Protein chains: 2
Amino acid sequence: MPQASPNAAGRLPDASPWDGIAERLRASGLRWTPQRRTLVDVLREHEGHVTATELIARCRERDQTTTPSTVYRTLDVLEDFGLVKHGHGPGGREEYHVLPDQVHGHLHCMACGATWEIRPETGAAIVDALAADLGFAVDLSHVTISGRCRVCRD
Amino acid sequence: MPQASPNAAGRLPDASPWDGIAERLRASGLRWTPQRRTLVDVLREHEGHVTATELIARCRERDQTTTPSTVYRTLDVLEDFGLVKHGHGPGGREEYHVLPDQVHGHLHCMACGATWEIRPETGAAIVDALAADLGFAVDLSHVTISGRCRVCRD
DNA sequence: CATGCTAGTGCAAGTGATTGCAATAGCGAA
DNA sequence: TTCGCTATTGCAATCACTTGCACTAGCATG
């Protein structure tokens, strides 16, 4: 049972990017509400890729009164703070990537449904190719490319 | 707004890929219905990129009784025949590309909203990069990459 | 031309995501 | 501690898209 312990007050050596989020919000004139705390708690223990729907479900586990609109709006705010990045999954559904340590795109296998991250070097190659083509500045974090993975492409 | 339309020049009045579509459907055990005719009529005079919503609206101009589900289902069929290709636009919405002369991806500028096609050579570079990375076989036709175009990226 | 098989249609319900609006509640200041 | 401004919430309505199901109608065959 993952029990959240007091974080902001105590100072641990390896600080999480989530620490001080409340203060950072307030510093921008925004507010720290129970609903936002719930979502951040969920995100804190769920790094990687998540769909919006999944996040809503997990929030509701903790707080039955969670409403979708609030979650979506809070995710927008957190995206402004760089704590999550959203993209569109296979079916065009919202998909969030938590704590993007570095900007990267995603690969989605149409056959088995798995998702991979595009490695930085490969991503850079794509960015360069498109810059050379039309002078386009790609936002790699928003890219999801479909296809078939090594295993499924036979 | 720069809208890429490859075969805008020199269109031959009688050599349309849409000709004989009825027969091709029948040859596959499928049927040629008034509803399908309406959609094909709309598509025939609307090459380039269109959203599903826009197509539904245009169909309804011609036939008030048009229902969304039928349009979506017919688009699926036409996609099987290679007459349209669907992808997901900026907001994750369905976007159709009519008569894809060659498989290509799309670029979308987050700032001005314009859409470009990725040139074949550039697309090939992307495909190669991802094949080398994870052995991934990219379905280029389904790719939409967001970013900022030359003009907007200042 | 009439018939039967079944692809296709329309409806209605359902899911995911967004938005307008009135009521609520952070939180900085008094 | 109380007050007031306004960010945020929750609801309900709406949009985009999908799906299950009963009925309709293409069209191949006789």
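Proteins come first, then strands; the chains are lettered A, B, ... in the order of their sequence lines, and each starts at number 1. Computed from a prediction, not measured in an experiment: that's the story for all the values here.
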Novice: How many Å lie between CG on A/D76 and C1' on D/dT9, as a whole number?
Specialist: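 So the CG-C1' distance, A/D76 to D/dT9, works out to 15 Å.
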
Novice: Please list, pair by pair, any protein nitrogen or oxygen found under 3.5 Å from a nitrogen or oxygen in nucleotides 26-30 of chain C.
Specialist:
residue : atom : partner : partner atom : Å
C/dG26  : N2   : A/R31   : NH2          : 2.7
C/dC27  : OP1  : A/R26   : NH1          : 2.9
C/dC27  : OP1  : A/W32   : N            : 2.7
C/dC27  : OP2  : A/R26   : NH1          : 3.1

Novice: Please state how far atom CG in B/L25 lies from atom P in D/dA25, giving the value in whole angstrom units.
Specialist: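 These atoms are roughly 19 Å apart.
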
Novice: Suppose the criterion is salt bridge (Lys or Arg N to Asp or Glu O under 4.0 Å): which pairs have a residue in residues 104-114 of chain B, not counting sequence neighbours?
Specialist: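 For residues 104-114 of chain B, and leaving out neighbouring residues, there are no salt bridge (Lys or Arg N to Asp or Glu O under 4.0 Å) pairs at all.
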
Novice: Per the ring-ring contact (aromatic ring centres under 6.0 Å, His included) rule, what does the pair list look like for residues 58-82 of chain B, sequence neighbours excluded?
Specialist: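 Sorted pair list comes back empty.
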
Novice: Considering residues at least two apart in sequence or located in another chain, which fulfil the salt bridge (charged side-chain N to carboxylate O under 4.0 Å, His left out) criterion with A/E54?
Specialist: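 For A/E54 the salt bridge (charged side-chain N to carboxylate O under 4.0 Å, His left out) partners, ignoring immediate neighbours, are A/R58.
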
Novice: What integer distance in Å separates B/Q35:CD from C/dA7:P?
Specialist: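 Whole-Å distance recorded here is 17 Å.
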
Novice: Hey, can you tell me if B/H97 and B/H49 have their rings parallel, tilted or perpendicular (30° and 60° cut-offs)?
Specialist: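 B/H97 and B/H49: tilted rings.
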
Novice: Please check the phosphate of C/dG8 (OP1 and OP2 only) for any side-chain N or O of B/R36 closer than 4.0 Å.
Specialist: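 Yes, within the criterion.
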
Novice: How many whole angstroms separate atom CD1 of A/I56 from atom C1' of C/dA17?
Specialist: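 The distance from CD1 of A/I56 to C1' of C/dA17 comes to 8 Å, rounded to the nearest Å.
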
Novice: Take the protein atom NE2 of B/H88 and the nucleotide atom P of D/dA16, then report the distance between them rounded to whole Å.
Specialist: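 Computing the B/H88:NE2 to D/dA16:P distance gives 15 Å.
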
Novice: What is the separation between atom CZ on A/R60 and atom C1' on D/dG10, rounded to the nearest whole Å?
Specialist: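 Spelled out: CZ on A/R60 to C1' on D/dG10 is 12 Å.
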
Novice: Taking salt bridge (charged side-chain N to carboxylate O under 4.0 Å, His left out) as the definition, give me every residue that meets it alongside B/E23, ordered by chain and number, with sequence neighbours left out.
Specialist: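 Checked B/E23 against salt bridge (charged side-chain N to carboxylate O under 4.0 Å, His left out); matches are B/R26.
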
Novice: Distance check needed: D/dA25 C1' versus B/R37 CZ, whole Å only.
Specialist: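 Interatomic distance, CZ of B/R37 to C1' of D/dA25: 17 Å.
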
Novice: Could I get the full list of salt bridge (charged side-chain N to carboxylate O under 4.0 Å, His left out) partners for B/R60, not counting sequence neighbours?
Specialist: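 B/R60 satisfies salt bridge (charged side-chain N to carboxylate O under 4.0 Å, His left out) with no other residue.
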
Novice: Can you name the salt bridge (charged side-chain N to carboxylate O under 4.0 Å, His left out) partners of A/E61, sequence neighbours left out?
Specialist: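 Partners of A/E61 under the salt bridge (charged side-chain N to carboxylate O under 4.0 Å, His left out) test: none.
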
Novice: Return the orientation label for the A/Y96 and A/H86 ring planes: parallel under 30°, perpendicular over 60°, tilted otherwise.
Specialist: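 Taking A/H86 first and then A/Y96, their aromatic rings sit tilted (interplane angle of 30° to 60°).
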
Novice: I need the residues from residues 63-73 of chain A with at least one non-hydrogen atom less than 4.0 Å from DNA chain C; give them sorted by number, or say none.
Specialist: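 Heavy-atom contacts with DNA chain C come from A/S69, A/Y72, A/R73.
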
Novice: Filter on salt bridge (Lys or Arg N to Asp or Glu O under 4.0 Å), then keep only pairs touching residues 122-136 of chain A, sequence neighbours left out; what's left?
Specialist: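 Residue pairs passing salt bridge (Lys or Arg N to Asp or Glu O under 4.0 Å), neighbours aside: A/D133-B/R119.
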
Novice: Using whole Å, what does the distance between atom P of nucleotide C/dA17 and atom CD of A/E95 come to?
Specialist: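 A/E95 atom CD is separated from C/dA17 atom P by 10 Å.
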
